[in-house]
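Since this is a predicted model, take the numbers as computed values, not measurements. Numbered from 1 within each chain, the chains take letters A, B, ... in sequence-line order.
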Number of protein chains: 2
Amino acid sequence: MLFHFRNKFPKLNTYWDKYMPFQKRQEIPAKTILLDEGKVSQNYIFIEKGCVRAFFNNNGSEKTVQFFFEDEGLTSFDSFVNNVPSQFTIETIEPSVIYLLPKPYVIQLMNELSQEPDFAQMILQMSAQRQTHYINEFVSFIRDTPEQRYQNLLTERSHIIQRVPQHYIASYLGISTVHLSRIKSKLAKGKLHF
Amino acid sequence: MLFHFRNKFPKLNTYWDKYMPFQKRQEIPAKTILLDEGKVSQNYIFIEKGCVRAFFNNNGSEKTVQFFFEDEGLTSFDSFVNNVPSQFTIETIEPSVIYLLPKPYVIQLMNELSQEPDFAQMILQMSAQRQTHYINEFVSFIRDTPEQRYQNLLTERSHIIQRVPQHYIASYLGISTVHLSRIKSKLAKGKLHF
DNA sequence: CCCAAACGATAACATATGTTATCAAGTTCA
DNA sequence: TGAACTTGATAACATATGTTATCGTTTGGG
């Protein structure tokens with residue numbers, strides 16, 4: 001899904017910058033769909049300002065799987081690479097400023113990159129990073145209770161809690177909105193001192 | 001974690017075969033540890049016969065995260081690529097026959113591979129496949145109940161249920177052994193006709 | 001500025017799931 | 001072969017979590 005090399009491998013920034021002119025800057029309102037579930041991803045998306053979520057529809061209820069913020073790039077990776085329908089919808093949460101780089105340019109960029117001497121090494125590392133991210137998400141469900149996952153969010157990625165509506169977070173944590181509300185009130189009580 | 005290009009990209013088999021002589025064939029008993037949590041992965045593992053699991057230790061209780069069988073290759077990917085301690089222990093479940101390819105040869109193999117014209121494309125595809133696998137595991141926890149996850153295993157990967165001790169499966173599903181037992185007996189009752 | 005929609009808290013009840021303990025049936029290995 | 005270990009089922013109880021409904025607050029757009 002996520003697929004950002006900018007900032008992770010500074011060495012590659014010059015390549016990336018070269019493609020800036022081909023990116024379309026767009027100012028878009030909140031709740032705007034950037035990619036629809038079932039469609040094939042045609043663009044790499046870079047977020048200059050705002051925030052975005054990826055979700056899928058499950059019997060009418062939306063399940064959010066990931067959040068993205070300023071200076072992050074993303075695409076529906078499998079869809080983008082393998083030309084298959086996207087499992088996810090990508091939608092802005094806040095009014096946002098994004099850049100879209102059409103796939104043909106990305107492919108061209110990849111081909112240029114492959115001339116870099118340690119391209120293989122870099123791409124393996126990026127791949128491992130991404131993989132590790134999703135493995136950690138998955139492991140967290142096996143290892144932690146919903147309450148622990150919420151606390152992990154609080155300590156490690158509190159910006160998500162601050163900016164994202166709570167019912168998106170609930171589905172991301174795999175619980176109901178009611179239960180998340182209960183967890184919050186329980187934790188709030190624990191903090192009170194009389 | 002898993003990282004097999006053999007069989008996925010037949011084109012690469014000739015490269016792979018070239019490195020067969022450097023692989024050590026080993027016959028090992030059940031419950032043998034191939035890589036210890038906290039150690040850095042030094043080998044790519046290929047399973048000729050038997051089966052293997054990856055797990056981690058959580059406050060004294062083991063949580064299994066993945067199973068591997070015949071003709072699958074694996075390694076603790078992040079550890080192997082980035083030289084960091086492995087999050088997981090890799091252990092045989094059954095008596096197994098495996099091949100170990102030491103990391104230096106894998107690196108050499110990767111370098112040769114990078115000469116292939118569409119290397120970038122292939123490695124992106126492999127990367128997307130792996131990523132999709134873990135995303136699906138993770139999405140399953142958000143979308144499905146434990147009972148549904150068990151049924152998914154039954155219909156899509158029943159070999160796991162047939163060969164792997166049930167308590168490993170329970171932790172893989174993120175539930176207690178008691179609950180898995182209950183799920184099974186519930187499903188068994190549903191199948192009875194009087 | 002106002003209204004409809006979005007958001008979040010809470011209660012009440014039903015169900016799902018964990019924990020601990022016990023028992024029975026394999027399995028392994030000395 | 002017999003004891004120790006492993007595996008799995010089940011009961012009883014406690015806790016976690018989902019569902020539905022209600023209410024108050026905030027928010028966004030005409």
Grab the CD-P distance between A/E94 and C/dA6 for me, whole Å please. 18 Å
Enumerate the residue pairs fulfilling salt bridge (Lys or Arg N to Asp or Glu O under 4.0 Å) with a member in residues 79-92 of chain B, sequence neighbours excluded, ordered by first and then second residue. B/R53-B/E91
For the pair made of NE2 in A/H179 and C1' in D/dT15, what is the distance, rounded to whole Å? 11 Å
If you draw the axis of the six-membered ring of A/F80, does the NZ or CZ of A/K103 fall within 45° of it and under 6.0 Å from the ring centre? yes
Over how many whole Å does the gap from A/I169 atom CD1 to C/dA6 atom P extend? 18 Å
Distance alone, cut at 3.5 Å: any donor-acceptor contact between the side chains of A/Q129 and B/D78? no
Could you work out, with salt bridge (charged side-chain N to carboxylate O under 4.0 Å, His left out) as the rule, every residue matching B/E70, not counting sequence neighbours? B/K49, B/R163
Apply side-chain contact (heavy atoms from CB on, under 4.5 Å) to residues B/Y150 and B/I175 and explain how you reach the verdict. CA-CA 10 Å; B/Y150 178 72; B/I175 62 181; over 6 Å; no
Difference in axis direction between the ends of the helix from C/dC1-D/dG30 to C/dA30-D/dT1, five pairs, 10°: 60°
Under 3.5 Å donor-acceptor, B/S176 side chain and B/H179 backbone: yes
Of all residues at least two apart in sequence or in a different chain, which pass the ring pair (Phe, Tyr, Trp, His ring centres under 6.0 Å) check with A/Y105? A/F22
Interatomic distance where CZ belongs to A/R149 and P belongs to D/dA16 [whole Å]: 15 Å
I need the CD-P distance between B/Q148 and C/dA16, as an integer number of Å. 12 Å
Integer-rounded Å distance: D/dG18 C1' and B/F141 CZ: 18 Å
Flag the pair A/R157 and A/E137 as a salt bridge only when some basic side-chain nitrogen lies within less than 4.0 angstrom of an acidic carboxylate oxygen. yes
Send over the distance from B/R182 CZ to C/dG18 P, rounded to a whole Å. 8 Å
Take atom NZ of B/K186 and atom C1' of D/dA11, then tell me their distance rounded to the nearest Å. 18 Å
Quick test: give all pairs of protein nitrogen or oxygen and nucleotides 4-9 of chain D nitrogen or oxygen below 3.5 Å, distance rounded to 0.1 Å.
residue	atom	partner	partner atom	Å
D/dT7	OP2	B/H167	NE2	3.0
D/dG8	OP1	B/Q166	N	3.2
D/dG8	OP2	B/Q166	N	2.6
D/dG8	OP2	B/H167	N	3.4
D/dA9	OP1	B/K184	NZ	3.3
D/dA9	OP2	B/Q166	NE2	2.6
D/dA9	OP2	B/S181	OG	2.6
D/dA9	O5'	B/S181	OG	3.3

Salt bridge (Lys or Arg N to Asp or Glu O under 4.0 Å) pairs, two or more places apart, involving residues 168-178 of chain A: none
